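Worth saying up front: this structure is predicted, and the values here are computed from it rather than measured. Chain letters run A, B, ... following the sequence lines, proteins first and then strands; every chain starts at 1.
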There are 2 protein chains.
Amino acid sequence: MSFFVSMDAAPAPLTPVNPLQQLENQLCFPLYAASRMITKAYQPLLEQFDLTYPQYLVLLLLWEHQERTVKELGEHLVLDSGTLTPLLKRLEQRQLISRRRDPRDERSVIIGLLPAGVALQQPACRIPEQLFEKMGLPQAEFEALRNQLTQLLTRLR
Amino acid sequence: MSFFVSMDAAPAPLTPVNPLQQLENQLCFPLYAASRMITKAYQPLLEQFDLTYPQYLVLLLLWEHQERTVKELGEHLVLDSGTLTPLLKRLEQRQLISRRRDPRDERSVIIGLLPAGVALQQPACRIPEQLFEKMGLPQAEFEALRNQLTQLLTRLR
DNA sequence: TTGAATTTAATTGCACACAACTTAATTGTA
DNA sequence: TACAATTAAGTTGTGTGCAATTAAATTCAA
């Protein structure tokens, strides 16, 4: 800090800033921020069902298949049992899902839909459209972005 | 559930699955998963500095400006004081940053870089390139994706 | 066939995220 | 100037994420 710099002026960086080191020039930050903002956009829609976003993702998978092991859920959602187990226990407590050991392989836990969980599908099925409208993203941009992200995902797996 | 369906066959969905309700057809999921996977990709690079990803983002901003209020950090990172305050306290404990009230407005807290925090910039400046290489994404795709995400971000703000 | 290696969940501990609320300082206005 | 409204951080409580470890079941290999 120089004596010649007034208190109000920001001192120059000691090391010139690497442009790559700026927030806007990285891929990670917009991804991180956009992800959280979209999750937040879901929140008012999910609130009526008292669901969190990852809980909703689990239900989306079960509405397709009724039964999935914890491992399968984890593979699809890229989440491990450390995240899923407590989340699933909360859904179980609310009688939305069942948890039972697979009798053919006692290591696995099979997650199934209970009637209350099945019953949520119908009212929740409008959520994706509602969110799409809320974002106001042109269909083409939406799909382009989705495809690029899906591609990135398979690349990173 | 029909009596004619064997125990092993998955019972048909009670409600036909809305394609929009499938994980792959939504924007949110690839965004959510890609964000976490990229954060995970940073982890080995940040580990040597004992930094988490959001801590690293705070330092990125400070390396550009030396001083920022909690509010400013929150605006750039889209994080509130509930997240930032404990995070900043951890960085303060490690003497990477300083926290002091703005004498001109005692509501604000000014976050500044301490020498140890300044010293991290030099060795950390290669992280963005390293990550870029790690992802193996063609430059053009990288930039296209970044631009679309940035656009989405401004749209969602 | 037995014992080592692997697999699957669960558990523990830590660090975010974020809603809701509190506290203190500042601003705007009658 | 008073004092209500607003603003900025901090606090509290809940729910993820995830690394590391544990425990139990299964598989593999000698």
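Contact between the side-chain N/O atoms of B:K89 and the OP1/OP2 oxygens of D:dT11 is found at a separation under 4.0 Å. For the OP1/OP2 pair of C:dA17 and a distance below 4.0 Å, the side-chain nitrogens and oxygens of A:Y32 include at least one atom meeting the criterion. Considering only side-chain N and O atoms, A:Q55 lies under 4.0 angstrom from the phosphate OP1 or OP2 of D:dT16. Side-chain N/O atoms of B:T52 include one lying less than 4.0 angstrom from OP1 or OP2 on C:dC16. Phosphate proximity of D:dA9 to B:R99: absent, as no side-chain N or O sits under 4.0 Å from OP1 or OP2. Residue A:R36 places at least one side-chain N or O under 4.0 Å from the OP1 or OP2 atom of C:dC18. Contact annotation: A:R107 side-chain N/O to C:dT6 OP1/OP2 distance is not under 4.0 Å.
Atom pair B:L79:CG and D:dA9:P shows a separation of 13 Å (rounding to whole Å applied). In this structure, A:D102 atom CG and C:dA9 atom C1' are separated by 13 Å, rounded to whole Å. Look at CG on B:D80: it is 8 Å from C1' on C:dA19, rounded to the nearest Å. Rounded to whole Å, the distance from CG on B:L91 to C1' on C:dC16 is 13 Å. Atom CE of A:M37 is separated from atom C1' of C:dA17 by 14 Å (rounded to the nearest Å). Protein atom OH of A:Y53 is 18 Å distant from nucleotide atom C1' of C:dC16, rounded to whole Å. With rounding to whole Å, A:L46 atom CG is found 15 Å from C:dC18 atom C1'. Nucleotide D:dG17 holds its P atom 20 Å from the OH atom of B:Y42, rounded to whole Å.
Nearest-nucleotide positions on DNA chain D for A:R90 and B:T69 put B:T69 closer to the 5' end. Summary of the strand contacts: A:P86 and A:D105 both lie near DNA chain D, and taking for each the nucleotide with the nearest heavy atom, the more 5' one is attributed to A:P86.
Nucleic acid contact class of A:L84 (heavy atoms, under 4.0 Å, all strands): none. B:T39 comes within 4.0 angstrom of nothing in the nucleic acid, heavy atoms only. Within the 4.0 angstrom heavy-atom criterion, base atoms lie near B:T83.
A distance of 6.0 Å or more separates the ring centres of A:F49 and A:Y56.
A donor-acceptor pair is defined here as one N or O able to donate and one able to accept, closer than 3.5 Å; such a pair exists between the side chain of B:T39 and the backbone of B:S35. The backbone N or O of B:Q130 sits nowhere less than 3.5 Å from a side-chain atom of B:E133 that would complete a donor-acceptor pair.
In this structure, A:R146 is not positioned above the aromatic face of A:F142 in the sense of NZ or CZ being under 6.0 Å from the six-membered ring centre and within 45° of the axis.
For C:dA10, the base has a donor-acceptor partner in the side chain of A:S81 [N/O atoms by modelled type, under 3.5 angstrom].
Counting all heavy atoms, side chain and backbone alike, A:R155 lies closest to B:P138 at NH2-CD, 3.8 Å. Counting all heavy atoms, side chain and backbone alike, B:L79 lies closest to A:R36 at CD2-NH1, 3.1 Å.
In the set C:dC16, D:dT26, D:dT7, the nucleotide with an atom closest to the side chain of A:E106 is D:dT26.
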